[in-house]
Amino acid sequence: MKTKLTKLEKHWILYDIANSAYILLATTIIPVLFNSIASSQNLSDDQYLAYWGYAITAATLIVALLSPILGTISDGKGRKKPLFTIFLTIGVLGTFIQPFIGSWLWFLIVLVITKVGFNGSIVFYDSMLTDITTPERMDDVSSQGYAWGYIGSCIPFIISIGLIMFGPKIGLAMNTIMIIVFAITAVWWGVLSLPLLKNYEQKHYVEAIKNPFTGSFKKLKVTLADIAKHKKIKYFLLSFFFYIDGVYTIISMATAYGASLGLDSNGLILALLVTQIVAFPCAIFFGKIAKKFKTESLLKINIIAYALIACYGVFLEKLYQFWILAVAVGGFQGAIQALSRSYYAKIIPPEKSGEYFGIFDIFGKGASITGTLLVSVITSITGKQNIAIMALVILFILGYIFFSLAAKTSKYE
């Protein structure tokens with residue numbers, strides 16, 4: 001079997017490197033910047049964490065509502081690339097604008113819009129997997145995407161951290177540094193997207209509908225009925241809903257959680273840089289061994305690992321404990337996302353990949369409103385972040401149960 005990456009596979013992977021820079025910014029520097037703005041406007045630590053969670057929830061809810069419709073429309077001939085470009089542009093422009101916002105409320109509004117752009121582009125990007133490679137290579141290519149995304153995104157991030165730590169010593173104001181940092185990420189994201197935009201061609205498609213929005217609702221209704229009958233896809237999506245919900249909640253709220261515990265901001269950011277570095281070889285490793293072991297078995301291992309990570313997070317008090325958590329997350333973060341993406345791509349009709357990945361996004365990034373909302377509400381009611389984090393363990397248990405059902409079911413049942 002061919003092992004070297006094709007030119008198109010490399011361009012597809014390059015977009016993972018491009019968008020991962022924003023992920024790193026959004027999970028490290030943006031919550032710290034918001035914490036600074038919130039503190040200056042007299043928001044308490046509990047309010048800061050709760051409002052942050054509500055903003056993340058709003059963004060994912062909007063994407064969850066849009067994704068299946070846009071995904072269905074993108075399955076029409078020649079439509080996937082233009083839609084991908086629109087949402088990519090929204091994300092890049094939103095990143096440029098973010099550091100100029102001084103109000104905590106408007107800061108969160110711009111954050112929501114930017115995340116909608118980012119997540120929307122990912123729906124179309126993920127569905128491109130069926131066009132750029134073969135089913136036999138999907139586990140490896142998907143894993144390489146996440147792996148190189150983790151390590152590649154460290155380049156603009158390290159530059160940004162250097163500016164934050166040493167910029168004031170050469171006379172740069174922190175506001176100016178933040179503008180430069182966000183501009184670096186936006187340019188990185190936009191420029192590295194160009195090869196995929198130039199060379200991607202939609203191979204699998206259905207005939208375009210005359211009335212895209214009304215027609216897509218009808219098609220979506222039929223597809224949902226098909227999924228309800230297709231046990232393997234149905235059980236996998238239910239499983240994915242729960243376990244990836246927990247994963248994305250940990251990713252999106254880790255730095256905010258650490259900051260709310262009073263841990264050093266620079267230490268938190270550097271610890272999450274370690275997560276990226278550890279994730280690189282681990283994601284590639286899981287992609288390679290997927291050729292020898294069943295993807296189902298590897299995903300089960302990853303779900304169990306994340307449940308244990310959530311349990312450990314309950315007892316965080318010191319910065320070194322957060323570093324241990326960061327390394328553990330890095331070991332499984334790329335693998336669980338990459339293998340989930342490729343596993344799903346192999347069990348769906350390739351000509352309807354946009355529509356199916358739109359639904360995938362509802363059960364994944366869109367459905368992560370459950371975890372962030374759970375953490376925010378429990379924190380608001382109890383005032384104890386630790387209890388909220390413990391609730392995430394339930395999500396991984398449910399995910400494991402439903403995935404076991406999917407693994408036992410054949411592709412055609």
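Because the structure is predicted, anything quoted here is derived from the model rather than measured. We're numbering straight along the sequence, starting at 1.
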ask   = With distance as the sole test, does Q98 use its side chain to make a donor-acceptor pair with the main-chain N or O of F107 at under 3.5 Å?
value = yes
query = Can you name the side-chain contact (heavy atoms from CB on, under 4.5 Å) partners of S297, sequence neighbours left out?
reply = K294
task = Identify the two heavy atoms, one from P168 and one from I177, that lie closest to each other, and give their separation to 0.1 Å.
result = CD-CD1, 3.5 Å
ask   = Does the distance from a Lys or Arg side-chain N to an Asp or Glu carboxylate O, for K291 and E136, drop under 4.0 Å?
value = no
request  = Evaluate the ring planes of Y243 and F403, with Trp represented by its six-membered ring, and classify them as parallel (under 30°), tilted (30 to 60°) or perpendicular (over 60°).
outcome  = perpendicular
key: Neighbour count >12 (heavy atoms, 6.0 Å) for atom CD, Q41   = yes
ask   = Is the Y22 to W188 ring centre distance short of 6.0 Å?
value = no
request  = Please check if atom CZ in F285 has more than 12 non-hydrogen atoms from other residues, nucleotides or ligands closer than 6.0 Å.
outcome  = no
Short N-O contact, K288 and D139, less than 4.0 angstrom = no
Side-chain ion pair, R341 and D16, N-O less than 4.0 Å = yes
query = With distance as the sole test, does K80 use its side chain to make a donor-acceptor pair with the main-chain N or O of Q202 at under 3.5 Å?
reply = no
Centroid-centroid under 6.0 Å between Y125 and F87 rings = no
query = How about F96 and F182: are their ring centres within less than 6.0 Å of each other?
reply = no
message = Using side-chain heavy atoms (C-beta onward) and a distance below 4.5 Å, is V327 in contact with T275?
response = no
Ring geometry between F118 and W189 (parallel below 30°, tilted from 30 to 60°, perpendicular above 60°) = perpendicular
ask   = Is the ring centre of Y306 less than 6.0 Å from the ring centre of F396?
value = yes
request  = Measure from the ring center of W148 to the ring center of F280 and say whether it is less than 6.0 Å.
outcome  = yes
